[in-house]
Amino acid sequence: MNILTLNTHSWLEEQPLEKLQQLANQIIKADYEVIALQEVNQRMDSLPAISTHNFHPTEKQQPIHEDNFAHLLVQRLKEQGHDYHWSWAYNHIGYSTYHEGVALLSKQPITPEIVLVSDATDPNDYRTRVILIGQTKLAEQAITAVCCHYSWWLETGGFKHEWQKTERALQHHTTPLLLMGDFNNPASLAQTGYDLVLNSPLQLQDSFLAAAEKSGEHTVEKAIDGWGANQEKLRIDYIFTSKELSISCYQIVFDGKSTPLISDHFGVSAIIQQIQNARQR
């Protein structure tokens with residue numbers, strides 16, 4: 001059971017439609033069961049979509065526009081004979097141009113929920129952040145998939161507060177968890193957000209550490225938006241799972257090697273070999 005997360009940086013890359021198709025091609029090739037996408041944009045001034053295939057709205061859903069990146073991706077996949085269910089949650093205005101959000105895609109239906117995790121609530125403030133929680137299935141096993149795009153580590157507010165709200169939102173979920181996305185907290189820095197996640201009462205594991213086989217590690221290798229002074233290789237995009245999920249393989253994708261470079265982040269994929277007996281949280 002193959003899963004994927006990618007910060008798409010959508011519509012901000014050169015030749016974006018070509019990269020949209022390259023993403024669709026890899027999804028078809030790898031046959032991902034569940035996909036989490038961040039920076040899923042639509043222009044603020046574009047028209048609402050007339051229809052949306054297999055879309056599962058949240059309560060108080062922000063309207064989907066015809067150029068919504070996930071909407072077009074699902075259309076491309078459908079045209080090539082691959083059906084995905086999907087949901088999209090609005091975070092904030094990006095680059096003064098876009099409604100920026102996060103999306104979940106699954107081969108099986110999704111029951112979605114949005115949880116505001118930031119202290120900021122104004123969409124004009126880039127610090128406004130939500131997580132998108134989706135009840136869906138991997139094969140026949142019910143799971144809770146979460147698409148995340150968190151803030152950086154700050155002395156006040158930021159990731160720490162967002163993570164605490166995430167824990168509260170998920171603490172009563174009894175199905176295995178998949179938390180996937182751009183955490184903006186490097187694994188290489190001690191005593192920051194990464195440690196909060198690994199030491200969480202949610203009892204999560206890092207798929208990179210848990211995987212029997214690994215191909216690649218880092219998801220950022222240069223200065224990018226939000227990391228303008230970066231000159232290091234960083235691992236800030238993650239797939240964290242409940243420990244009852246057995247991870248056989250961790251792979252970096254969309255790094256310009258075996259798969260094309262389509263964003264300012266690389267993607268992370270993992271293969272879940274089996275789901276052991278889930279325990280109550």
Side-chain angles (χ1 to χ4, degrees), residues 5-10 12 36-41 62 88-96 98-104 113-133 145-171 173 177-208 218-241 263-266 268:
T5 185
L6 174 69
N7 182 323
T8 67
H9 206 227
S10 61
L12 296 163
L37 303 176
Q38 305 85 52
E39 291 192 26
V40 177
N41 296 324
Q62 175 80 14
W88 180 80
Y90 175 42
N91 269 322
H92 52 247
I93 294 172
Y95 304 92
S96 303
Y98 299 103
H99 294 140
E100 180 184 310
V102 292
L104 281 171
E113 176 189 2
I114 294 176
V115 174
L116 177 72
V117 293
S118 60
D119 292 331
T121 60
D122 183 355
N124 290 293
D125 186 340
Y126 70 91
R127 293 169 295 187
T128 298
R129 308 269 173 165
V130 304
I131 56 172
L132 177 59
I133 303 172
V146 188
C147 187
C148 315
H149 190 184
Y150 292 112
S151 298
W152 303 261
W153 183 266
L154 303 171
E155 291 302 320
T156 58
F159 179 86
K160 182 177 180 179
H161 286 192
E162 294 169 7
W163 182 250
Q164 290 170 341
K165 291 181 180 178
T166 297
E167 288 180 331
R168 289 196 291 270
L170 297 175
Q171 63 183 341
H173 286 267
L177 298 172
L178 294 178
L179 277 78
M180 310 162 68
D182 178 357
F183 281 64
N184 271 316
N185 280 259
S188 57
L189 296 181
Q191 305 303 316
T192 59
Y194 179 73
D195 294 311
L196 282 184
V197 177
L198 285 190
N199 295 321
S200 170
L202 295 177
Q203 301 182 53
L204 301 170
Q205 63 183 352
D206 179 351
S207 62
F208 172 73
H218 304 98
T219 59
V220 170
E221 294 188 347
K222 61 180 181 179
I224 62 168
D225 289 344
W227 294 86
N230 180 59
Q231 298 297 321
E232 302 177 49
K233 293 182 178 181
L234 302 175
R235 188 159 67 92
I236 61 175
D237 303 85
Y238 302 96
I239 296 175
F240 292 106
T241 79
S263 174
D264 60 350
H265 289 240
F266 302 158
V268 178

**Prompt:** Who passes ring pair (Phe, Tyr, Trp, His ring centres under 6.0 Å) against F240, sequence neighbours left out?
**Reply:** F183, Y238
**Request:** Begin from the C-alpha positions of D182 and N184 and carry the test side-chain contact (heavy atoms from CB on, under 4.5 Å) through to its verdict.
**Result:** CA-CA 6 Å; D182 178 357; N184 271 316; 3.5 Å; yes
**Request:** Indicate yes or no for a side-chain donor-acceptor contact from S10 to the backbone of E39 under 3.5 Å, with no hydrogens or angles considered.
**Result:** yes
**Request:** Please lay out, stage by stage, how L196 and W153 fare under the test side-chain contact (heavy atoms from CB on, under 4.5 Å).
**Result:** CA-CA 11 Å; L196 282 184; W153 183 266; 3.7 Å; yes
**Asked** Minimum heavy-atom separation for L132 to V102, with atom names?
**Response** CD2-O, 3.7 Å
**Asked** Who pairs with T5 by side chain to side chain contact (heavy atoms under 4.5 Å, CB included), at least two apart in sequence or on another chain?
**Response** A36, Q38, M180, I239, V268
**Request:** Please report the closest heavy-atom contact between A145 and L104, naming both atoms and the distance.
**Result:** O-CD1, 3.6 Å
**Request:** Look at the side chain of N91 and the backbone N and O of E100, then say whether any donor-acceptor pair between them is shorter than 3.5 Å.
**Result:** no
**Note, L12 side chain near N41 side chain (heavy atom, < 4.5 Å)** = yes
**Item:** Residues in side-chain hydrogen bond (donor to acceptor under 3.5 Å, both in side chains) contact with N124, at least two apart in sequence or another chain
**Value:** D122
**Any donor-acceptor N/O pair, E162 side chain to S151 backbone, under 3.5 Å** = yes
**Asked** Where does the angle between the aromatic ring planes of W88 and Y90 fall among parallel (under 30°), tilted (30 to 60°) and perpendicular (over 60°)?
**Response** parallel
**Message:** Under the rule for side-chain hydrogen bond (donor to acceptor under 3.5 Å, both in side chains), what residues qualify as partners of S207, not counting sequence neighbours?
**Reply:** none
**Prompt:** Of all residues at least two apart in sequence or in a different chain, which pass the side-chain hydrogen bond (donor to acceptor under 3.5 Å, both in side chains) check with E167?
**Reply:** W163, S200
**Message:** So, taking the atom named OG1 in T166 and the one named CG in L202, what distance separates them when rounded to the nearest 0.5 Å?
**Reply:** 8.5 Å
**Request:** State which residues pass side-chain hydrogen bond (donor to acceptor under 3.5 Å, both in side chains) with T8; sequence neighbours excluded, sorted by chain then number.
**Result:** none
**Message:** For Y126, give me all partners under ring pair (Phe, Tyr, Trp, His ring centres under 6.0 Å), at least two apart in sequence or on another chain.
**Reply:** none
**Prompt:** R235 and side-chain hydrogen bond (donor to acceptor under 3.5 Å, both in side chains): which partner among T219, N185, D206?
**Reply:** D206
**Message:** My understanding is that only residues two or more places apart in sequence, or in another chain, count here; which of them pass ring pair (Phe, Tyr, Trp, His ring centres under 6.0 Å) with H92?
**Reply:** none
**Nearest-0.5 Å distance that lies between atom CG in L204 and atom OG1 in T241** = 7.5 Å
**Request:** Using the test side chain to side chain contact (heavy atoms under 4.5 Å, CB included), find all partners of E113 that sit at least two apart in sequence or belong to another chain.
**Result:** V115, I133
**Request:** Could I get the full list of side chain to side chain contact (heavy atoms under 4.5 Å, CB included) partners for L154, not counting sequence neighbours?
**Result:** none
**Request:** With sequence neighbours excluded, tell me which residues meet salt bridge (charged side-chain N to carboxylate O under 4.0 Å, His left out) with K165.
**Result:** D119
**Prompt:** Can you check side-chain contact (heavy atoms from CB on, under 4.5 Å) on H149 and R129, steps first, answer last?
**Reply:** CA-CA 7 Å; H149 190 184; R129 308 269 173 165; 3.4 Å; yes
**Asked** Which distance, rounded to the nearest 0.5 Å, do you find between the CG of D237 and the SG of C148?
**Response** 11.0 Å
**Asked** Which atom pair, heavy atoms only, marks the closest approach of P123 to T128?
**Response** N-OG1, 4.2 Å
**Request:** Using the side-chain contact (heavy atoms from CB on, under 4.5 Å) rule, take I236 and N7 through it: C-alpha gap first, then chi angles, then the decisive distance, then the call.
**Result:** CA-CA 10 Å; I236 61 175; N7 182 323; over 6 Å; no
